[in-house]
Amino acid sequence: MTHPHTHETAVPAEHHHVALPQHRHHFETEEQQREAGSFGMWLFLLTEIMFFGGMFFAYLLYRNWYYDAFVVASNQLSIPLGATNTVILIGSGFFMALGVWAAEVKKKGLLVLFLILTTLLGVAFLGIKGVEYHEKWEKHHIPGAHFDVSEFVNPHAYGLHEEPLSPDMAQKTQIFFFLYFAMTGMHAFHMIIGIVLLFWLTWRAHAGDFSKGYVAPIENFGLYWHFVDIVWLFLFPLLYLINRHPL
Amino acid sequence: MSATSTTILNLPDQSTATLPKKNYINNEHGLLSWLLTGDHKRIAILYLISITFFFFIGGAFAGLIRLELLTPQPDLVASDTYNKFFTMHGIIMIFLFLVPSVPATLGNFLIPIMLGAKDLAFPKINLLSWYLYMAGGTFTLAALVLGGVDTGWTFTTPLSTHYLNTHVITAATAIFIAGFSSIFTGLNFIVTIHRMRAPGMTWFRMPLFVWSNYAASILMVLGTPVLAIAIVLVALERTFGIGVFDPTKGGDPLLFQHLFWFYSHPAVYIMILPGMGVISEVISTFSRKRVFGYTAVAFSSVAIALFGFFVWEHHMFIMGVSNYSALVFSLLTMLVAVPSAIKIFNWAFTLQQGSITFETPMLYAFGFMGLFTIGGLTGVFLGSLGMDIHLTETYFIVAHFHFVMVGGMLMAFLAGIHFWWPKMTGRMYPESLSKLAAVITFIGFNLTFLPQFILGYLGMPRRYHAYPPEYQVLNVLSTAGATVLGVGYLLPMLYLAWSLKYGAIAGNNPWQATGLEWQIQSPPLTENFIEIPIVDHEAYDYEWLEHKTKHEVTTVG
């Protein structure tokens with residue numbers, strides 16, 4: 001091994017250019033700061049995947065065990081409402097992506113507009129979700145002491161006649177609805193956090209914080225918002241669609 | 001200090017060393033400047049004070065447990081109080097001490113400096129993680145003050161969800177919040193290690209301490225969220241009686257165990273890996289040699305982290321899992337012994353023909369090597385399917401994980417605290433007293449936990465506070481050992497506090513070590529480096545250090 005035996009020397013002065021007020025002291029360059037921020041966000045999303053992963057694992061297990069219960073319970077969910085919400089959420093994600101673009105090309109007005117549209121569609125999603133939850137409440141499909149299994153009948157594949165589930169299996173629909181509320185509830189909780197952040201970002205965008213080349217918060221929030229969308233894109237088929245047809 | 005070793009060249013003159021006038025401690029004044037700091041070194045100090053506080057609370061419960069077990073009859077406390085004792089001991093020691101111990105204190109303090117960076121990538125998130133830790137600690141204390149929890153630290157369902165009236169939700173909230181503190185620490189470390197390395201600091205020039213913390217961070221980031229969701233589901237089940245873990249409603253209690261151990265087994269490596277990093281630094285420094293098989297040791301950390309994710313079911317061998325999956329998990333469990341052994345053997349080869357000196361950190365490191373080896377090998381016993389059925393839920397398993405966690409991790413933590421104390425405070429600890437403490441700790445530890453292996457093998461179950469009289473002799477030995485061990489922990493607490501004011505001035509590099517942290521002043525400046533260093537040497541390159549003259553050390557003030 002050879003050792004040049006040179007000492008620690010200074011980084012040349014031109015590396016120390018600090019152009020933006022948002023540049024933080026411990027980063028050598030803005031590029032480094034931006035990369036670190038975005039890398040951190042991706043890692044955070046990885047933890048989110050593991051967090052939701054626990055519930056997806058539970059879903060996998062119980063779907064396997066109580067397939068019939070999952071079929072009848074799934075039939076209680078409204079495809080039109082779920083599909084509408086899916087479209088709304090994809091639209092929200094689309095406006096978010098446009099928002100990131102607007103920030104990158106430094107168009108302040110467009111950025112604020114797109115952030116507001118993103119927020120509005122997010123709120124619309126939660127509204128429809130609320131309607132769905134309310135319906136479950138009225139039908140006594142919320143797991144717990146008042147859970148009612150009377151509506152759960154097994155829809156025959158060819159629509160000839162409906163046969164009731166065995167009482168034992170009918171009770172297992174509670175597990176489906178628990179997972180339904182846990183998963184969509186946790187998803188909605190993430191959306192609420194996102195909407196609060198959107199208010200803050202819109203306010204800052206309005207103040208002109210993101211129209212001078214500093215777009216990291218918009219970009220990183222965009223990653224978060226798309227992640228929340230993607231979680232829904234898994235939840236919708238798993239909860240609403242794939243279980244509908246009996247064996 | 002052994003400044004007489006002939007192999008150490010260019011020793012700076014410690015007698016004339018002075019404390020630098022300007023450093024991270026006196027840079028700003030007032031309580032708020034600490035509570036709102038973004039400086040990784042100050043946050044490390046905040047963590048050090050808090051985890052020491054919780055360590056002594058957790059230790060007090062250990063003392064009470066040992067006191068109760070002094071006699072075969074249940075005479076000190078009632079059964080349910082005893083259950084609360086070992087639960088609080090476990091929760092506090094695992095979530096509030098062992099998990100954050102080395103990463104949040106030494107890791108926080110050292111990783112940016114070792115990489116040649118001014119701070120961690122996200123200083124505010126770093127501070128947030130300390131506040132989350134404190135919030136988690138507060139909830140734990142609340143659960144304690146309100147009447148305690150008696151689920152055991154494992155929150156096993158359906159016991160935790162249906163059969164207990166204690167403060168399970170409060171304790172669950174504590175663990176949930178403290179978990180996020182751990183996630184943010186891990187996230188910060190990973191981003192810092194990827195993005196903040198100084199020019200020339202390649203992956204294979206990083207000190208092994210950084211590698212092992214990197215591996216532990218992967219576990220924190222990927223494992224902890226699964227614990228979080230398991231805890232949320234327990235809380236929901238307890239509040240609304242939903243049945244996802246309740247067999248009477250079709251739920252599966254084993255599902256909870258899977259989710260819980262998916263985190264809690266890797267958590268063992270979160271606890272031990274950073275300690276292994278400390279040992280690499282200490283052994284290299286005090287044998288004046290590059291760590292033997294640097295690359296193998298670096299990769300073995302990552303291998304432990306990866307294997308660690310695929311062994312969780314060995315906690316559930318007696319709980320009705322399929323025999324075939326048990327077979328696979330048993331095999332995978334044995335595989336973890338391979339990278340662990342790589343580390344132990346490489347440290348042994350580092351010592352071989354080194355110029356070994358026996359400073360306090362080195363004594364602790366020797367303690368670590370011996371005790372961790374015993375702890376690790378008894379883990380292989382427990383990983384074998386046949387042995388496990390005999391030994392699980394006995395004192396054998398208690399002794400096993402205390403050998404790894406206390407004999408391993410706590411020894412490593414104390415080694416690290418002594419090793420970097422001069423860097424953190426600018427002052428030396430009293431050498432002879434600290435050597436005494438290291439020896440007392442070692443003796444006390446073995447006296448406490450070696451009898452427990454025998455007790456467990458003879459069949460004494462864990463978590464019982466009454467036992468047949470024939471076990472008493474061994475239990476008395478264990479309790480006596482715990483007393484000695486307590487002295488071994490109180491001593492450093494006292495003399496380290498003493499040294500803050502009266503300790504000898506340490507100078508920049510009292511150990512003549514090669515790490516970047518030793519090339520700057522002690523205590524460091526707020527921004528660590530006056531100029532970002534350009535790294536042109538490997539880690540543990542003592543030849544490079546010999547050619548540096550003491551005038552190159554940067555000191556301000």
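Reminder, nothing fancy here: chain letters follow the sequence lines and each chain counts from 1.
Counted within 6.0 Å of CZ on B:Phe204, heavy atoms from surrounding residues, nucleotides or ligands total more than 12; the atom is thus considered enclosed. Counting heavy atoms of neighbouring residues, nucleotides and ligands inside a 6.0 Å radius, atom NZ of A:Lys139 exceeds 12 of them. Annotation for A:Trp203: atom CH2 does not count as buried by contact number, only 12 or fewer foreign heavy atoms lying within 6.0 Å. With a 6.0 Å radius and a threshold of 12 heavy atoms from other residues, nucleotides or ligands, A:Trp65 has its CH2 atom above the threshold.
The part of B:Leu259 that comes within reach of chain A is its side chain, from C-beta onward, which places non-hydrogen atoms under 4.5 angstrom from that chain. At a 4.5 Å heavy-atom cutoff, B:Leu227 makes no contact with chain A through either its backbone or its side chain. Heavy atoms closer than 4.5 Å to chain A are found nowhere in B:Asp246, neither backbone nor side chain. Both the backbone and the side chain of B:Ile190 come within contact range of chain A, judged by heavy atoms closer than 4.5 Å. Of the atoms belonging to B:Ala228, heavy atoms from both backbone and side chain fall under 4.5 Å from chain A.
Between the side chain of A:Glu35 and the backbone N or O of B:Arg195, no donor-acceptor pair lies under 3.5 Å. In this structure, the side chain of A:Tyr66 engages the main chain of B:Gly250 through a donor-acceptor pair within 3.5 Å.
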- Going through the checks in order, is the side chain to side chain contact (heavy atoms under 4.5 Å, CB included) test met by B:Leu222 and A:Leu46? CA-CA 7 Å; B:Leu222 293 180; A:Leu46 197 58; 3.6 Å; yes
- Check the pair B:Leu255 / A:Tyr62 against side chain to side chain contact (heavy atoms under 4.5 Å, CB included), numbers first and verdict last. CA-CA 10 Å; B:Leu255 176 66; A:Tyr62 292 126; 3.6 Å; yes
- Apply side chain to side chain contact (heavy atoms under 4.5 Å, CB included) to the pair A:Met50 and B:Phe262, showing each step before the final yes or no. CA-CA 11 Å; A:Met50 297 305 288; B:Phe262 183 83; 3.5 Å; yes
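Between A:Leu43 and B:Val221, the closest heavy-atom pair is O-CG1, 4.1 Å. Nearest heavy atom pair, residue B:Val232 against residue A:Met186, reads CG1-CE, 3.8 Å. Among all heavy-atom pairs drawn from B:Val244 and A:Ile175, the shortest one is CA-CD1, 4.4 Å. Summarising the geometry of B:Met196 relative to A:Gln32, their closest heavy-atom pair is CA-NE2, 3.5 Å, with the distance given to 0.1 Å.
Using a 4.5 Å cut-off on side-chain heavy atoms (C-beta onward), A:Phe52 and B:Ile229 make no contact. By the 4.5 Å heavy-atom criterion applied to side chains, A:Glu28 and B:Lys118 are counted as neighbours. Considering only heavy atoms from C-beta on, B:Leu236 comes within 4.5 Å of A:Phe178 through its side chain. By the 4.5 Å heavy-atom criterion applied to side chains, B:Val226 and A:Phe51 are not counted as neighbours.
A:His26 and B:Glu527 share no side-chain donor-acceptor pair at under 3.5 Å.
Chain A forms the most heavy-atom pairs under 4.5 Å with one residue out of B:Gly243, B:Gly116, B:Pro123, and that residue is B:Pro123. With chain A as partner, the option from B:Asn188, B:Leu187, B:Ile183 having the largest number of non-hydrogen pairs under 4.5 angstrom is B:Leu187. Between chain A and the options B:Leu233, B:Leu120, B:Asp252, heavy-atom pairs under 4.5 Å are most frequent for B:Asp252.
B:His258 contributes atom NE2, which lies 8.0 Å from atom CG of A:Leu61 (distance to the nearest 0.5 angstrom).
Relative ring orientation between B:His194 and A:Phe39 is described as perpendicular, the plane-to-plane angle rising above 60° on a 0-90° scale split at 30° and 60°.
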